[in-house]
Every structure is written in C-alpha cells, then in structure tokens.
2 protein chains.
Amino acid sequence: MAESSPIEQAELLAQEKAVQAAIGDRPLDFLSLNAVSNIYRAAAAVRRRAERDLLSDYGITWGGFTILWVLWVWGEMEAAPLAAECNLAKGTLTGMLTTLEKQELVRRTQHPGDKRRVLVALTEVGHNCIEELYPRFNRQETAFTAGLDDDEKVDLARLLRRVITNAELSES
Amino acid sequence: MAESSPIEQAELLAQEKAVQAAIGDRPLDFLSLNAVSNIYRAAAAVRRRAERDLLSDYGITWGGFTILWVLWVWGEMEAAPLAAECNLAKGTLTGMLTTLEKQELVRRTQHPGDKRRVLVALTEVGHNCIEELYPRFNRQETAFTAGLDDDEKVDLARLLRRVITNAELSES
DNA sequence: CCAAGAACGTTCGGTACCGAACGATCACCT
DNA sequence: AGGTGATCGTTCGGTACCGAACGTTCTTGG
C-alpha cells in the first residue's frame, strides 16, 4: 500500500500531507515517520491539555503529577527508580521533589542502614490530592481516546509498548 | 515478530502491572489509562534516544530539530503557524529561533507589507543540515517501530491521529 | 582494617518551555 | 482622517529538565 495507493488522504493531518508533498519522492520510511511523529504530537497535545484544563487548578505541573502518580501506584520508593519510572534525570527529580515537599505533597526520609539513599513517599495531603485528582485525569484520558473502541485502545497500548521497549533499549 | 498473540499479561510493562495491582479494583478506565500513558512514555523514550544518539552530534536540541524539520517540509512561514506546527508557545519560539539564528540555520525576514509579521526560513546551511540529518533520524524511526508490520504502523498512526484531534480540540 | 572504587543524591550551568504582560503595527468604522 | 481594538512578535519571570561535576557513604580487595 505504498505511495501509489495512499490510505484515504482526506483523513491525514495537514502535517502528514505536507510531508508527502514536500519529501514524498525520497527513499524514506514514511510509515514509521507518520507513526513516530504522531506519537510526539499526541503526547504534546495530551500534556498541554491536561496542564491547562486540570493540573493548573491544583497548582501541579505535569512532572509533579507524574511523580505523585508513580508514588501512588508503587508506594514509597528510592529516588533512582522513581526518576527512572518518571522518565526524569535524577538531577531533575531532586529539584522537583523539593518543590513537592514545599507543597507538602511528598516527604523524603533517610534509608535505614544506608545514608546515601533517600526514600520518597506521599504525605497524607499528597495521597488525598492524587486520590481526588486522578479520577478526573482518567476521565480526560477517556475523552482523549473517544472514538476508539476497546480493541483499538488495547491495540494502541500494545503498539506503543513495542515502541517503548525498542526505544528504551540500552538506556542509561 | 512471531508472538503476535492477542493480549498476554506477561507482555505488559512493569508499570502497567503495578497500576493494576495498586488501583485495579477502582472504577477507572484502564484501557484508556494504558493507551494514553504509553503515549507519553513512548514520546519521552523516543525523544531522549534521538537527542542522545543523534541530535547531540549536530549540536541541535529536539525543539530545534522540530523547527528545522517543519521549515523543511512547509518552506518559509510566519512565526505563529510555525509555533503551532511545532507545538510550541510563541514566546518559546522566539528564543529558539534566536538560538538557531546564531547557528546560522534559520533566518528571519520582515513580512513585506506588514511590519508586525516575521517570515522564518531555512538558510542554505540549515537546509543542508536537515537534508543530511533527517535520513538518519528516519532510520531511527524505523528502528523504533521494529517488530511492527506495515499495517500496524498505519494503525498506530491512525489511532494516534484520533487522539491528536481529540486532544487538540478547542486549543488556544 | 583501610585504601580504592562504586553507588547514591545533590549541586550547578545552561537551555527549553510556558503564560502573561507589553509595545508596535495594522484594520475597522463613523 | 483618527481613535479603538485586534493582531503580531518579543520580553519577562518562573519552572522544568538535562548532563556533568561533586561530596558523601557504602563496598570490596588485600
């Protein structure tokens, strides 16, 4: 189904059409191009929308929300795996935890028996916050996937999972 | 890949499993949850990988690359639509264009007949840069979608397109 | 034991990125 | 015309985010 018989041009995004018009004659992998570039585009749209419509009401940034969410799901954990789980550099996490600590949403405690390590956990306030916030966030997630049936949502998650494992390979 | 069986729990990411263990008993939309959270995760992994393995060699950031790419595809354009196409706030674009101008990759010119507007275009250097860089980037995109057949790539792009239009609705 | 190195989180310099406020320019309208 | 409001891009203050350098604490070999 190459360029000769495209997939309903009418449904392509303007960006995708411009790509084909500008560089469609080159030996590039356009299927991967569209798939990957749409990943980033979707992520940016989702993030912006969540920050604007929801998180700003709580004074929480996207990164902060991610941290609260991970701590909610995983429970108390050390800084290094928390950073990995949030897709953050450990240096970034330090600053954001300080912010969240000022907001009294998380707390840091020393690891018993290893003074290098730090344990991070939700405070009571933080726990209540994410308990209240996440269901609203989840309704947004539902809205973002409106028009997809259950099988398609499962497919989307599965296809992305593949990309994630491919891209995270051999990461520091 | 060979194991294209339906949905095996064993293939879930550790994160997805932790979610089910921690909050799986609540009335939430877990299909949307997994789909949307994997979007962000995939985007972050793709970006980090591209910056680390490719863009850093050229001294270009992800945002800068996006700008060059959009200008390559669309040609000379005004700042506002460029910002929209790159998913950037217009204030952000100003600073990044200044950076790219210092690198002599783009140039700004005044719009003839409207002194408020600015036209942005690739320089010769910038054009050569993206001409050389993008094919390498595209090979990375291919690698990120390894294990997906053509139909799956088309599906992934299509499903994401739906999320994009949902999330971008009524954006400022 | 104790020196050498590994493993932690923090600090630091620099860029990206946002939203709001701003100044300049243009369009409209009576 | 000329003043009012809309529309540009830029500026500004603040946070996020990265990679590298750093100090501290644990571990390991001799």
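Below, read A as the first sequence line, B as the second, and so on, with proteins coming before strands; counting in each chain starts at 1. Excluded from the calculations below are hydrogen atoms, water molecules and symmetry mates; all remaining heavy atoms, backbone and side chain alike, are included.
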Asker: Please report, rounded to the nearest Å, how far the C1' atom of D:dC18 is from the CG atom of B:L55.
Answerer: 14 Å

Asker: Under a 4.0 Å threshold between the charged nitrogen and the carboxylate oxygen, would B:E152 count as salt-bridged to A:R158?
Answerer: yes

Asker: Closest-nucleotide mapping onto DNA chain C: is B:T99 or B:R116 further toward the 5' terminus? I mean the 5' end.
Answerer: B:T99

Asker: Any side-chain N or O of B:R108 below 4.0 angstrom from OP1/OP2 of D:dT10?
Answerer: yes

Asker: Tell me whether the OP1 or OP2 atom of D:dC18 has a side-chain N or O from A:T92 closer than 4.0 Å.
Answerer: yes

Asker: Checking contacts here: which listed nucleotide (D:dC17, C:dG19, C:dT11) is nearest the side-chain heavy atoms of A:R52?
Answerer: C:dG19

Asker: Please report the distance, rounded to the nearest Å, between CG in B:N87 and P in C:dC17.
Answerer: 10 Å

Asker: Can you identify which nucleotide, out of D:dT10, D:dT25, C:dG9, has its nearest atom closest to the A:D114 side chain?
Answerer: D:dT25

Asker: Reckon B:L93 touches a base, only the sugar-phosphate, or nothing at all at heavy-atom distances under 4.0 Å?
Answerer: nothing

Asker: Between A:Q110 (CD) and C:dA7 (P), how many Å, whole number?
Answerer: 20 Å

Asker: Give A:G91 one of three labels, base, sugar-phosphate or nothing, depending on what nucleic acid heavy atoms sit under 4.0 Å from its own.
Answerer: base

Asker: Taking the nucleotide of DNA chain C with the closest heavy atom to each, which residue, B:K90 or B:G95, is nearer the 5' end?
Answerer: B:G95

Asker: Taking CZ from A:R47 and C1' from C:dC17, how many angstroms apart are they, rounded to a whole number?
Answerer: 8 Å

Asker: Among B:I130, B:L105, B:L133, B:L68, which one satisfies side-chain contact (heavy atoms from CB on, under 4.5 Å) with B:Y58?
Answerer: B:L133

Asker: Find the distance A:F65:CZ to D:dT15:C1' and express it as a whole number of Å.
Answerer: 18 Å

Asker: Run A:E141 and A:K153 through salt bridge (charged side-chain N to carboxylate O under 4.0 Å, His left out) and show every step you take.
Answerer: CA-CA 11 Å; A:E141 291 177 319; A:K153 293 182 189 181; over 6 Å; no

Asker: Rounded to the nearest Å, what distance is computed from the CD atom of residue B:E51 to the P atom of nucleotide D:dC18?
Answerer: 8 Å

Asker: What nucleotide among C:dT11, C:dG19, D:dT11 has an atom nearest to a side-chain atom of B:A89?
Answerer: C:dG19

Asker: Write down the distance between CZ (A:R117) and C1' (C:dG9), rounded to a whole number of angstrom.
Answerer: 11 Å

Asker: For B:T98 and B:R108, does a side-chain donor sit closer than 3.5 Å to a side-chain acceptor?
Answerer: yes

Asker: When you get a sec, tell me which of C:dC18, C:dT10, D:dA16 is the closest nucleotide to the side chain of A:M96?
Answerer: D:dA16

Asker: Any carboxylate oxygen within less than 4.0 angstrom of a Lys/Arg side-chain nitrogen, looking at A:E78 and A:R116?
Answerer: no

Asker: Any side-chain N or O of B:T61 under 4.0 Å from OP1/OP2 of C:dT15?
Answerer: no

Asker: Would you kindly give the CD1-to-P distance between A:I67 and C:dG9, to the nearest whole Å?
Answerer: 13 Å

